[in-house]
Amino acid sequence: MAEAEKPPRAALYVDFDNVFMALLRWDERAAYAFGERPDAWLAWLEGREAGGAPTTRRTLIRRCYLNPGGYFDFQMGRAVARYRQQRDLRNRTYFGEFRANFVQAGFDIVDCPPVAYLKNSADMKMALDIRDALDHKTTFDEFVILSGDSDFLPALARLRAHDRRITILAQNTAKRAYLAAADIVVGLDDFAHDGMGNVAIAQVDQAPPRPEPPPRPEYQRPEPVRAEAPPAARGPDLGALRANALAWLREALARSPAGALRMTEVGSQISRALPQLKATTYAGAGTLGALIEEARDPRLLMTGPPSRRWVFDPERGPPPGDLPPGVEDQPGLPPEAPAEAAPEAPAEQPAVAEEAAAPTAAPGEAEPAGLPPPPAAEAPPEPDAPEPPPEPAAEAPPEPEPEPEPEPEPPSREALMMDAALLVRDILWGSRDNKKLAQDLPAFSPAEIGFVLNAIAARQPLDLPDLPAAATAIAAEGAAQGLHVSAREVTAILRWLLRGFARLNEAPAPDTASQHARRLYATLVAAVRALDEPLSEAEKEDLRNWTQAGTGPGVA
């Protein structure tokens, strides 16, 4: 092959933690495949087929920046947890487990342990290595950067000044300036599905397989009914629950004038219609959006950013961004009563009606086959006595009129608080603070957030080195009380309090938990405002009630 025909020489830099967490929000199977099979997605990036030579680029430098102490606890019962259980691996997955896979794929591993509180130095090391590669005796034609961190924007500008082609991996929330600085943008969905679609873990179903019942022999006499455990003890049928949720969505879109609904409104209404959805983490899908995507229904599509997402029917009309003014204000959602609360079927007719409708045999004729034996006949009349006149057939009673549907109950105060917490969580999803720490918000219930804030106040004074141990102790105490509070989620709340300059190193006062609640509310509202996603006054009030739930009488 002539020198001019060879693919460009490339240098590849991978921020493992950043890409893994971004894929995790997209699909946990893709995130695990990213660490388990780097050779698969590297071959896709290079355009190699069946182990052939690269056709898109020749990756001469392959470097992965990884925090070996980082870990993630996959949700039990989901695809990755079952995949690891089959291989006798514990559910907690440390990033250091993937080192050998990257080494076997020809990568140089650069360990990036945290140098500050939950902050590693991967981005700084990557930027320095990229600058050194510009002076390398091998002229690299292309730089491939797998990281969604917009801090690399100055490095991209330097590469462009040296006339190098730039390829980046970007999420749908990437900044416009970061995308404009690159020559080629690899979308996160293309990377997840095309780059790792043939990996074994990517093909594992999200919902666990259900064993099919054995076929019953023909003409088998039914066995007597035996006492069994109630259905709740065996767990809900996730497949049927998904089908009910999708049917509810289709009916809601059919009522909408433009065939489009806001996901925030849909989420609150469908949770009341099907209460088991949240209890089963949306029938095993994780989120309502993931449930819709996995259904692959061409009449259920989504559009818009995560915080203001819509679901729409393309056969009914254009996406919500193209709707006429005022149409999107008419959501057309069904009433909040459960979708399956239809009028019940009429009760069975009395036995008299059945006897009247059944055919009777003429005197001297055999009874019709297949009918049950007639009841014991009365004594026959005397021969000379006239036959009694036939009794008129009993008329069937009129069908009962369906009862009017009850008025939908207004959402409870606790439901409104949870909706506000979920809304803020979705708005902040994927954003980072000025220290480049993820601004994730656990969607605690009011009882859980009140417990966490009171537990933090009770353990003060706390210094920075004490926070990990305090988070672990609070999680253990919550588990003892039946609350689902993990150490990772407690750490997220501690970070929010530190962003609000909470004085955790001071001894607690009687109203310390209430002060933490007010500080958490103010910090969350400021973070949402910084993302140009203002909250309404009603949403602010619900969020204030959520942060201050269970924090004592000192709440304002």
Side-chain angles (χ1 to χ4, degrees), residues 10-54 57-76 78-115 118-126 128-130 133 144-149 169 186 188 191-204 488:
L12 171 62
Y13 301 90
V14 181
D15 186 346
F16 180 90
D17 297 33
N18 186 286
V19 177
F20 183 88
M21 299 307 295
L23 288 172
L24 193 65
R25 292 189 288 269
W26 187 268
D27 189 335
E28 66 171 14
R29 298 168 296 177
Y32 194 82
F34 167 71
E36 187 182 50
R37 291 292 306 277
D39 58 318
W41 55 260
L42 179 61
W44 177 75
L45 280 176
E46 293 185 339
R48 290 187 276 119
E49 296 183 2
R57 57 182 62 86
R58 295 169 57 215
T59 310
L60 304 184
I61 289 182
R62 303 170 183 175
R63 198 160 293 170
C64 176
Y65 302 81
L66 179 145
N67 173 18
Y71 65 87
F72 185 79
D73 295 326
F74 288 97
Q75 184 176 347
M76 297 301 296
R78 296 286 299 278
V80 175
R82 290 185 285 110
Y83 182 81
R84 289 179 65 85
Q85 186 178 11
Q86 294 171 1
R87 287 154 179 77
D88 295 329
L89 300 173
R90 61 180 180 178
N91 186 48
R92 172 164 291 185
T93 305
Y94 284 91
F95 298 163
E97 297 180 25
F98 303 116
R99 283 180 58 96
N101 302 331
F102 279 84
V103 171
Q104 293 173 6
F107 279 82
D108 294 329
I109 307 299
V110 181
D111 288 337
C112 301
V115 295
L118 297 179
K119 174 65 177 175
N120 61 37
S121 57
D123 50 358
M124 183 61 69
K125 290 183 178 180
M126 285 178 63
L128 294 175
D129 289 348
I130 292 172
V144 183
I145 301 174
L146 300 189
S147 175
D149 198 338
L169 175 70
V186 179
L188 194 65
F191 184 77
H193 295 115
D194 298 339
M196 291 169 289
N198 294 325
V199 180
I201 178 62
Q203 300 172 1
V204 176
R488 187 184 186 90

**Asked** Between Ala192 and Leu23, which heavy-atom pair has the shortest distance, and what is it?
**Response** CB-CD2, 4.0 Å
**Prompt:** Nearest heavy-atom pair of Leu169 and Val186: which atoms, and what distance?
**Reply:** CD1-O, 3.3 Å
**Request:** Would you please test Asp129 and Ile61 for side-chain contact (heavy atoms from CB on, under 4.5 Å) and show each step?
**Result:** CA-CA 11 Å; Asp129 289 348; Ile61 289 182; over 6 Å; no
**Item:** Contacts of Arg488 that satisfy salt bridge (Lys or Arg N to Asp or Glu O under 4.0 Å) - sequence neighbours left out
**Value:** none
**Request:** Test side-chain contact (heavy atoms from CB on, under 4.5 Å) on Asn18 and Tyr65 and set out the steps.
**Result:** CA-CA 10 Å; Asn18 186 286; Tyr65 302 81; over 6 Å; no
**Asked** Is the number of heavy atoms from other residues, nucleotides or ligands within 6.0 Å of CD (Gln85) greater than 12?
**Response** no
**Message:** Once rounded to the nearest 0.5 Å, what's the spacing between atom CG of Asp73 and atom OG1 of Thr93?
**Reply:** 8.0 Å
**Prompt:** Any sub-3.5 Å donor-acceptor pair from Gln86's side-chain atoms to Tyr83's backbone N or O?
**Reply:** no
**Request:** Report the C-alpha distance between Arg62 and Val14 in whole Å, list the side-chain angles of each, state the deciding distance to 0.1 Å, and finish with yes or no for side-chain contact (heavy atoms from CB on, under 4.5 Å).
**Result:** CA-CA 8 Å; Arg62 303 170 183 175; Val14 181; over 6 Å; no
**Set of ring-ring contact (aromatic ring centres under 6.0 Å, His included) partners for Phe95, sequence neighbours left out** = Phe16, Phe20
**Item:** Any donor-acceptor pair under 3.5 Å from Asp39 side chain to Ala105 backbone
**Value:** no
**Request:** Check whether any side-chain N or O of Arg84 sits under 3.5 Å from a backbone N or O of Arg90 as a donor-acceptor pair, and report yes or no.
**Result:** yes
**Asked** Are any of the side-chain heavy atoms of Val144 and Thr59 separated by less than 4.5 Å?
**Response** no
**Item:** Set of residues satisfying salt bridge (Lys or Arg N to Asp or Glu O under 4.0 Å) with respect to Asp111, sequence neighbours excluded
**Value:** Arg99
**Prompt:** Should the pair Phe107 and Phe102 be assigned to parallel (<30°), tilted (30 to 60°) or perpendicular (>60°) ring geometry?
**Reply:** perpendicular
**Request:** Measure the acute angle between the ring planes of Phe34 and Trp41, then classify it against the limits of 30° and 60° as parallel, tilted or perpendicular.
**Result:** parallel
**Fill in**
Output for pair (His193 NE2, Leu188 CG), nearest 0.5 Å, gives 9.0 Å
**Complete:** Between Arg78 and Glu28 the two heavy atoms that sit nearest each other are CB-OE2, 3.1 Å
**Message:** Give me the atom names and distance for the closest heavy-atom approach of Ala81 to Asn91.
**Reply:** CB-OD1, 3.5 Å
